[in-house]
Student: 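Sharing a structure here in structure tokens format.
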2 protein chains.
Amino acid sequence: MADTDVQNGAESAAKVRTLADLARIAGVSAGTVSRALAGNSLVNTKTREKIEAIAREHGFRPNQMASKLRRQKTGVIGVAIPLGHDVRQQISDTFFMTLLGYLADELTEKGYDLMLRRVIPAQDEDWLDRFIGSGMVDGVIVIGQSDQFERIEDVADGYLPMVVWGNHQEGQRHCVVGSNNRLGGKLAAERLIASGAKSLAFLGDTQPIEFAARYAGAKEVAAKMGVAIRPLPTHLSPERTGEEIAKHLREIEGKVDGIFAATDTIAVTCLKELRERGMEVPGQIKIVGFDDLPISSQTMPPLTTVRQDIAAGAKGLVDLLLRRLEGEDTESLVLPPHLVLRETA
Amino acid sequence: MADTDVQNGAESAAKVRTLADLARIAGVSAGTVSRALAGNSLVNTKTREKIEAIAREHGFRPNQMASKLRRQKTGVIGVAIPLGHDVRQQISDTFFMTLLGYLADELTEKGYDLMLRRVIPAQDEDWLDRFIGSGMVDGVIVIGQSDQFERIEDVADGYLPMVVWGNHQEGQRHCVVGSNNRLGGKLAAERLIASGAKSLAFLGDTQPIEFAARYAGAKEVAAKMGVAIRPLPTHLSPERTGEEIAKHLREIEGKVDGIFAATDTIAVTCLKELRERGMEVPGQIKIVGFDDLPISSQTMPPLTTVRQDIAAGAKGLVDLLLRRLEGEDTESLVLPPHLVLRETA
DNA sequence: CAGCAAATTGCAAACGATTGCAATTGTGCG
DNA sequence: CGCACAATTGCAATCGTTTGCAATTTGCTG
């Protein structure tokens with residue numbers, strides 16, 4: 001006791017950086033301190049309380065690196081956002097960012113930390129292996145397949161704890177969570193046609209696999225109903241897209257009366273361009289978007305769109321990943337999108 | 001050589017998990033492998049190439065935990081988002097998320113990883129100390145002071161490598177990067193008055209320190225010009241805000257002809273409510289927002305707003321943090337906001 | 001009070017990479 | 001041919017925690 005006090009006086013709030021330091025002050029061994037701080041072990045209640053008190057007093061926190069090294073797990077989940085097509089855009093893409101927010105929530109709740117990594121595959125062939133092999137993460141969530149489908153497939157064979165947000169394809173080997181994009185495309189086309197459109201256009205890049213599926217769904221419905229549909233490629237970010245869309249609109253004027261936008265962001269920009277050209281929505285031309293972002297209910301008129309349930313997606317990603325961390329080889333999870341009927345179609 | 005081949009044949013692509021494994025195959029010591037892989041050291045070029053080849057062949061990556069433990073630095077910057085007032089909102093707040101995207105870029109470029117942590121201070125008193133003391137990050141960036149100004153101040157005294165996005169206040173002790181909110185508020189109010197408004201309102205919560213400063217700036221200008229201004233508190237998220245704003249609008253109808261919204265998000269919602277009530281913008285009532293989000297140029301009519309340069313903010317945060325990691329006690333960085341003249345005022 | 005089981009605690013070996021210092025090999029030159 | 005010196009490489013300690021096993025203490029029972 002006296003000894004403790006002396007030490008206290010001498011080093012006071014000085015430096016208790018290691019278990020050993022704390023152990024010396026408490027007059028026990030490092031092992032005991034470790035167990036005490038771990039909480040649940042077999043240390044005497046009295047000893048534990050004493051140790052906890054000292055730890056609190058000195059603001060001691062065990063070194064995570066050492067801990068992680070020893071127990072061979074990090075408590076960190078890596079979240080990678082591959083930026084395949086449209087480099088600057090995707091990271092600020094509202095949808096992905098919102099998903100990221102929910103992911104942070106879910107992971108925090110399960111006691112994991114989140115390590116975020118933007119990746120430009122074109123500049124770094126090896127991104128996924130590097131992330132996984134870094135030893136810094138227990139598992140990986142990839143947000144968006146971008147144009148990296150093959151690379152992800154390759155890795156999936158040898159690495160269980162990985163889940164991907166994106167599109168599901170028959171027979172694929174990596175575990176994916178995502179909306180049924182094809183179905184979403186169908187819903188959109190059906191709605192456009194039901195509200196009177198006679199000739200459709202898909203506004204957006206059809207390269208990314210998710211968009212391709214949306215377009216395919218719409219095309220299927222269009223074909224069945226005997227309606228034409230054409231793709232009108234654009235980029236994603238409003239700044240660059242405005243002009244592109246305006247150009248498309250000039251060309252299709254009078255030939256198209258129903259637009260399915262690959263994304264709400266695109267739909268909103270389109271809506272604005274239409275209004276500037278004096279086209280009435282939904283009178284002369286109808287629009288359906290995809291995502292149901294917060295803005296979409298704030299446009300004038302409010303946007304009819306296909307809703308993806310972001311919160312459910314995040315929860316799915318985390319649940320599946322945790323099960324994979326336990327060794328289970330989980331199936332993919334495909335979420336049903338829902339048509340949100342507002343006023344543009 | 002023969003020995004190497006045998007081992008190769010036996011364990012082949014098997015398990016080269018540690019430096020020691022690799023060293024055995026290469027017929028050197030672990031230390032040499034470490035130096036070789038580190039690249040720049042004093043190993044014989046030939047030896048290094050051989051080691052690199054083997055490493056590549058086996059897809060070997062050194063264990064980061066061990067490395068970090070040994071060198072006592074992690075190469076990771078923690079990014080904390082404290083959710084003080086409006087829990088669910090902030091994380092999906094477009095502004096913060098965009099900032100986060102740019103931060104990820106900047107940090108990646110400088111060779112750091114980013115560890116994201118959402119924090120609910122009300123549930124976790126100790127969040128900042130925990131994050132810092134965890135030993136998992138070399139430095140911390142806090143996005144938004146929320147209602148945690150005091151706690152951040154406390155920590156700043158004893159912890160250099162921390163930079164905060166937020167509002168700068170005379171004499172504060174923590175290093176902050178942010179827009180000059182007061183000036184922004186002035187710009188907004190000046191514009192509203194210049195375009196003919198006779199009675200102003202500030203739409204948004206005045207508790208958060210950034211918003212308080214914006215309001216203060218506007219109030220100063222209003223006072224000088226002999227114009228009234230009143231605060232109209234709201235939450236941030238569109239879902240909950242719509243009704244609040246509608247209620248405010250009902251009450252101020254005819255009494256206010258210039259609205260300064262704390263945020264573009266709020267401004268956009270307000271714009272919609274106004275239009276639904278049949279008010280003409282900017283004819284009957286003028287609006288100025290804050291942030292200049294991508295949506296803001298897409299509204300109808302396009303929103304006049306005060307622009308914060310997010311990219312510059314991110315760059316500033318990272319630059320200052322890196323200098324602090326070197327031991328420099330940097331000053332805060334206050335960025336000038338700019339009025340973006342569009343059509344709502 | 002001996003004797004044994006249960007409850008605590010200490011010891012020391014991991015975890016895997018880094019790095020100062022010493023040992024070895026190789027080179028050039030007298 | 002031998003020596004000084006430079007270029008490489010090996011050795012072993014270290015980072016701080018965790019954890020199996022052994023040692024010690026405590027508590028009970030006959």
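Protein chains get the first letters and strands the later ones, always in sequence-line order, with residue 1 at the start of each. Heavy-atom basis, side chains included; hydrogens, waters and symmetry copies ignored.
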Student: Do side-chain atoms of A:E328 reach the backbone of A:T330 as a donor and acceptor pair under 3.5 angstrom?
Tutor: no

Student: With no hydrogens and no angle check, is any side-chain donor or acceptor of B:Q145 less than 3.5 Å from a backbone partner on B:G166?
Tutor: no

Student: Just call it for A:V28: base, sugar-phosphate, or nothing, with non-hydrogen atoms closer than 4.0 Å on any strand.
Tutor: sugar-phosphate

Student: Given 3.5 Å as the limit, does a donor-acceptor pair link the side chain of B:D113 with the main chain of B:V76, or not?
Tutor: no

Student: Please encode protein proximity along nucleotides 11-18 of chain C as a string of B, S and -, counting only heavy-atom distances under 4.0 Å.
Tutor: B-BBBBBB

Student: May I ask you to decide if A:Q169's main-chain N or O and A:Q172's side chain share a donor-acceptor pair within less than 3.5 Å?
Tutor: yes

Student: Provide, to the nearest angstrom, the distance between the CG atom belonging to B:L42 and the P atom belonging to C:dG26.
Tutor: 17 Å

Student: Closer than 3.5 angstrom, by distance alone: can the side chain of A:D124 be matched with the main-chain N or O of A:I120 as a donor-acceptor pair?
Tutor: no

Student: Any Lys/Arg nitrogen of A:D154 or A:R151 sitting under 4.0 Å from an Asp/Glu carboxylate oxygen of the other?
Tutor: no

Student: Can you tell me if B:N63 uses its side chain to pair, donor with acceptor, with the backbone of B:A66 under 3.5 Å?
Tutor: yes

Student: Under 4.0 Å from a heavy atom of chain A: give me the 5'-most and 3'-most nucleotides of DNA chain D that qualify.
Tutor: D:dG16 to D:dG20

Student: Tell me which one of B:L19, B:I25, B:V43, B:V28 satisfies side chain to side chain contact (heavy atoms under 4.5 Å, CB included) with B:I51.
Tutor: B:V28

